[in-house]
Asks: 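I have a structure here, written as structure tokens, and I will follow up with some questions on it.
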Protein chains: 2
Amino acid sequence: MSQTVDRALSILPLLAEGPADLGQVADRLGVHKSTALRLLRTLHEHGLVHRQADQRYRLGARLFALAQEAVENLDIREIAHPYLVDLNEKCGHTVHLAVYEENEVLYIDKVESRYPVRMYSRIGKPVAITVAAVAKLILADLPEAERRALAEKLDYPMYTARSIPNAAAFLKELATVREQGWATDLGGHEESINCIAAPIRGADGRVVAAMSVSAPNVVVTAEELLTLLPLVRRTADAITREYSGSAPARDTPTSHGPARPVPGKP
Amino acid sequence: MSQTVDRALSILPLLAEGPADLGQVADRLGVHKSTALRLLRTLHEHGLVHRQADQRYRLGARLFALAQEAVENLDIREIAHPYLVDLNEKCGHTVHLAVYEENEVLYIDKVESRYPVRMYSRIGKPVAITVAAVAKLILADLPEAERRALAEKLDYPMYTARSIPNAAAFLKELATVREQGWATDLGGHEESINCIAAPIRGADGRVVAAMSVSAPNVVVTAEELLTLLPLVRRTADAITREYSGSAPARDTPTSHGPARPVPGKP
DNA sequence: TGAGTATGTTGCACGCTGTGCAACGCGCAT
DNA sequence: ATGCGCGTTGCACAGCGTGCAACATACTCA
């Protein structure tokens, strides 16, 4: 759209391949050397490009600083919330969002069920880490050493007969979850409540959060709940796309959702 | 230098602070909305900027990808070499460059002493990890858990009477080194050889390599060698600046060094 | 329900600003 | 010395970026 900026930005991926000198940059851009020089100078002033001792150019430190600052200011909760609401409006059940923090998995957002029967949970409260579906997803993505160490440290309370009893069983379950990319908790925390969950990932592919849909037996059976799995996974993927800032999100919330219809485009 | 590009790039740090809408961007740039729109569109096409569901803009994933790709293509050895040569020409002694890899510290570059008496070492060979000055610097920067685990695993051969004897002494030495930002090995590996070293850091401040100057007693005493410490540290800092791609390196190698004098500037 | 406001978007004419050219300085290899 | 390669500079032209005004749509009051 803007020729000058377009050319300047085209230099970045070019330099990402490795250092290059003025002539190479000009050639690959298809512009005169003097033009390339001015573009490089501008990039240099902004610290996006660094000039090394042999006069060649490469990407500069500012790029890292920007990326870091950006990732620190990303707020999953803010980004995910509209999607949670949207999902709730589609299926009616309770929707949770959870993250990992200091050996705990915490609920950081929740949209209440529209059915009269609700489940107990509170934002900010740690989840039942050994049985909750969201916890399984998040822990399954930890580096192996950390995962193993944590599993050994945990207590395994038998909330119900179907609770996970010990570290060995837990690690096995995590391996499965890691493999399949989603998780369930079928009566492992409270006898009558089932739960399905999917992971939300950052730009680097690491799991940064997990979301779940929970419903008591009296409303839907476990089997019926599982039919919602594709929807939950698609929603989590949409949040991932939005959070990681990759391609424009195709799977955007529906019309009554948060996405404001784009004006001027029929 | 280039107004358009300058404006476009000014958007990036602005968005790094957090998401912003078109009006805010236009205001802070001091340009008309339509201008800001075109700039944002161009940034968007290159993936540097992401448009979220609420229409606001924030930094995009391409930025992270670029930063990562850039850091992968950085070659310390290539960047450091001219500085090593330069240092060698200034002081005449053997200069080493070492990095950490899989529980070992390896020499990856070396410039031989100009004195007839040389010390034994080979590029690619692991260093005496418990006594070498470069090893101390690199290990001192490891995360505490990893550092402690490694120290416990190591053997502590008594090359000389002054070799570090055990894990406790080693960890204590590492703490000192970490504190002061440089390291020595005074006859800990070979009775008659002394060595001083300084760290080279990446853009994130972590130690990525270390360089050292080594000389036998018969050439210079330990005291005399230590007078070179400021020079070694300054050189390491200059490499750090160049490697991490921060501000233009002031402490560039001298005229006979690798830096090609800039033509056209009197 | 209606006018009022805020925001994103488009088309257009002006003229600033980016462009390529040619020439120069400088180091390096022959 | 001479030619070659590379980065750099000044300049004249016009291409391209700019701001303006008008439009579209969504939201918010009365």
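To find a chain, count down the sequence lines: A is the first, B the second, and so on, and within it residues start at 1. No experiment lies behind these values; they were computed from the predicted model shown.
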Asks: Below 4.0 angstrom from OP1 or OP2 of dG8(C), is there any side-chain N or O of Arg51(B)?
Replies: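 Negative; the distance criterion is not met.
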Asks: Please determine whether salt bridge (Lys or Arg N to Asp or Glu O under 4.0 Å) holds for the pair Asp86(A) and Lys90(A), giving the CA-CA distance in whole Å, both sets of side-chain angles, and the decisive distance to 0.1 Å.
Replies: CA-CA 6 Å; Asp86(A) 192 61; Lys90(A) 275 177 181 157; 3.3 Å; yes
Asks: Identify all side-chain donor-acceptor contacts of residues 1-11 of chain B below 3.5 Å with residues at least two apart in sequence or on another chain.
Replies:
{"unit_1": "Asp6(B)", "atom_1": "OD1", "unit_2": "His46(A)", "atom_2": "NE2", "d": "2.5"}
{"unit_1": "Ser10(B)", "atom_1": "OG", "unit_2": "Asp6(B)", "atom_2": "O", "d": "2.7"}

Asks: What is the separation between atom NE2 on His44(B) and atom P on dG8(C), rounded to the nearest whole Å?
Replies: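 In whole Å, dG8(C) P and His44(B) NE2 are 15 Å from each other.
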Asks: Tell me if the CD atom of Glu45(A) is crowded by more than 12 foreign heavy atoms within 6.0 Å.
Replies: yes
Asks: Given dC16(D), dT9(D), dT9(C), which nucleotide is nearest the side-chain atoms of Gln3(A)?
Replies: dC16(D)
Asks: Suppose the criterion is side-chain hydrogen bond (donor to acceptor under 3.5 Å, both in side chains): which pairs have a residue in residues 195-213 of chain B, not counting sequence neighbours?
Replies: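 Found Asp141(B)-Arg206(B).
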Asks: What donor-acceptor contacts under 3.5 angstrom involve side-chain atoms of residues 29-39 of chain A, with partners at least two apart or in another chain?
Replies:
{"unit_1": "His32(A)", "atom_1": "ND1", "unit_2": "Ser34(A)", "atom_2": "N", "d": "3.2"}
{"unit_1": "His32(A)", "atom_1": "ND1", "unit_2": "Ser34(A)", "atom_2": "OG", "d": "3.1"}

Asks: Not counting sequence neighbours, which residues clear side chain to side chain contact (heavy atoms under 4.5 Å, CB included) with Glu78(B)? List them please.
Replies: Arg56(A), Asp75(B)
Asks: Nearest-Å distance, CD (Gln55(A)) to P (dG5(D))?
Replies: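 Distance check: Gln55(A) CD to dG5(D) P gives 18 Å.
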Asks: So what does Arg56(B) hit on the nucleic acid, given a heavy-atom distance under 4.0 Å: a base, only sugar-phosphate, or nothing?
Replies: nothing
Asks: Indicate whether OP1 or OP2 belonging to dG8(C) is found under 4.0 Å from a side-chain N or O atom of Arg41(B).
Replies: no
Asks: Below 3.5 Å is the cut-off: list the nitrogen or oxygen pairs between protein and nucleotides 4-6 of chain C, distance only.
Replies:
none

Asks: Are His93(B) and Asn88(B) close enough, and set up right, to give a side-chain hydrogen bond (donor to acceptor under 3.5 Å, both in side chains), and what steps lead you there?
Replies: CA-CA 6 Å; His93(B) 304 301; Asn88(B) 167 268; over 6 Å; no
Asks: Counting heavy atoms from C-beta on, name the nucleotide in dT18(D), dC16(D), dT9(C) closest to the side chain of Thr4(A).
Replies: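 Among the listed nucleotides, the one closest to the side chain of Thr4(A) is dC16(D).
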Asks: Hey, is Arg28(B) close enough to Glu17(B) for a salt bridge, meaning N to O under 4.0 Å?
Replies: yes
Asks: Could you identify which residues of residues 19-40 of chain B place a heavy atom less than 4.0 Å from some atom of DNA chain D, listed by residue number, or say none?
Replies: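 Under 4.0 Å from DNA chain D: Val31(B), His32(B), Ser34(B), Thr35(B), Arg38(B).
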